[in-house]
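Quick caveat: nothing in here was measured; it's all calculated off a predicted structure. In the text below, chain A, chain B and the rest are named by the order of the sequence lines, each starting its count at 1.
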There are 2 protein chains.
Amino acid sequence: MSKYDPKLDQCFSALGDPTRRLILQRLARGEASVSELAEPHDMALPSFMEHLKKLEAAGLVTSKKQGRTRTCELAPDAFAPAKDWLSEQSETWEGRLDRFDDYVKNLMQERQK
Amino acid sequence: MSKYDPKLDQCFSALGDPTRRLILQRLARGEASVSELAEPHDMALPSFMEHLKKLEAAGLVTSKKQGRTRTCELAPDAFAPAKDWLSEQSETWEGRLDRFDDYVKNLMQERQK
DNA sequence: GCGTTACTTAGGTATATGTCTAAGTATGAC
DNA sequence: GTCATACTTAGACATATACCTAAGTAACGC
């Protein structure tokens, strides 16, 4: 049973922003430098860096600096914790004991329309 | 290819809060009234209702009021959009053309240690 | 070494978020 | 009809978030 995990807060919150999801979609195709990543986003660089910082804090992205260039990469198994949590809930839902009851209840309501 | 979808913002943001994830975990086991849901949370009811409102806005929860009681339920396929987005990224990542290159690069780095 | 590039740090602002208390409203029970 | 129950609405507040500009710093490249 999944207990409360503060890392999931950061992970899902990070995913809740369109800019950050676009960064992840880009990184899914391969590593990139900060300026490469920033280029399509109409945003000042410091603002953009904040997004990268959150992705890294959430464990979704890793980065290393070589010379003056920072290269970012999708973290290995970046999405596993999020996917696992979601799957666990889906499975609980699908395995509910009262599922048949609900099914019947809905059917009855449909007929009354 | 997934374009920018504002519904995913709400969905992932909703998941980024521990109170809301606990609500969803509870609802995965079956429907419940607002007060049943609120009971384990040490929080004023109006504050708690805000969380429910966000879950509903995100399409994760549905609710109907019968008399003075509002019953909440996990939305059908609540987690599908989130799971789909995550899976799409994982697949892109796993299918990268340069994956073998990376593998070799990592191997070389390991040997230098 | 000097200018250019690629970030970084500092500090500011506006809006959103998560919480509260106090005061509704609508139902159900007696 | 009156009282308790189950939310709801309204309004306040503190912190977090998403952005900005301006001014660093630390490599390259000639």
What is the distance, to the nearest angstrom, from the [atom1] atom on [X] to the [atom2] atom on [N]?
X: A/E56; N: C/dT8; atom1: CD; atom2: C1'; result: 14 Å
X: B/K53; N: C/dT19; atom1: NZ; atom2: C1'; result: 14 Å
X: B/D17; N: C/dA16; atom1: CG; atom2: P; result: 18 Å
X: A/D9; N: C/dT17; atom1: CG; atom2: P; result: 15 Å
X: A/D42; N: D/dC20; atom1: CG; atom2: P; result: 8 Å
X: B/M49; N: D/dT5; atom1: CE; atom2: C1'; result: 14 Å
X: A/Q66; N: C/dC7; atom1: CD; atom2: C1'; result: 14 Å
X: B/M43; N: C/dC20; atom1: CE; atom2: P; result: 6 Å

At under 4.0 Å, does any side-chain N or O of [X] touch on OP1 or OP2 of [N]?
X: B/K65; N: C/dT27; result: no
X: B/K54; N: C/dG18; result: yes
X: B/H51; N: C/dT19; result: yes

>> Measuring from atom CG of A/L15 to atom NZ of A/K54, what distance do you get when rounded to the nearest 0.5 angstrom?
In response: 13.0 Å
> C/dA6, C/dT21, D/dC20: which one has an atom nearest the side-chain heavy atoms of A/S35?
Replying inline: C/dA6
> Base, sugar-phosphate, or nothing for A/E50, non-hydrogen atoms under 4.0 angstrom?
Replying inline: nothing
>> Just to be sure I understand the rule, does A/S47 reach a base, reach only the sugar-phosphate, or reach nothing, if contact means heavy atoms closer than 4.0 Å?
In response: base
> Does B/E36 or A/F48 map to a spot on DNA chain D nearer the 5' end, using the closest nucleotide for each?
Replying inline: B/E36
> Pick the nucleotide of DNA chain D nearest each of A/R68 and A/L45; which residue has the one closer to the 5' end?
Replying inline: A/L45
> According to the interplanar angle, ranging from 0 to 90°, do the rings of B/F12 and A/F12 count as parallel (below 30°), tilted (30 to 60°) or perpendicular (above 60°)?
Replying inline: parallel
> Taking atom types as modelled and ignoring hydrogens, do the side chains of A/T92 and B/Q25 form a donor-acceptor contact shorter than 3.5 angstrom?
Replying inline: no
>> For B/L37 and B/C72: C-alpha separation, side-chain torsions, deciding distance, then whether side chain to side chain contact (heavy atoms under 4.5 Å, CB included) applies.
In response: CA-CA 9 Å; B/L37 288 172; B/C72 300; 3.8 Å; yes
> Counting distance only, does the side-chain N/O of B/R20 pair as donor-acceptor with the main-chain N or O of B/A14 below 3.5 Å?
Replying inline: yes
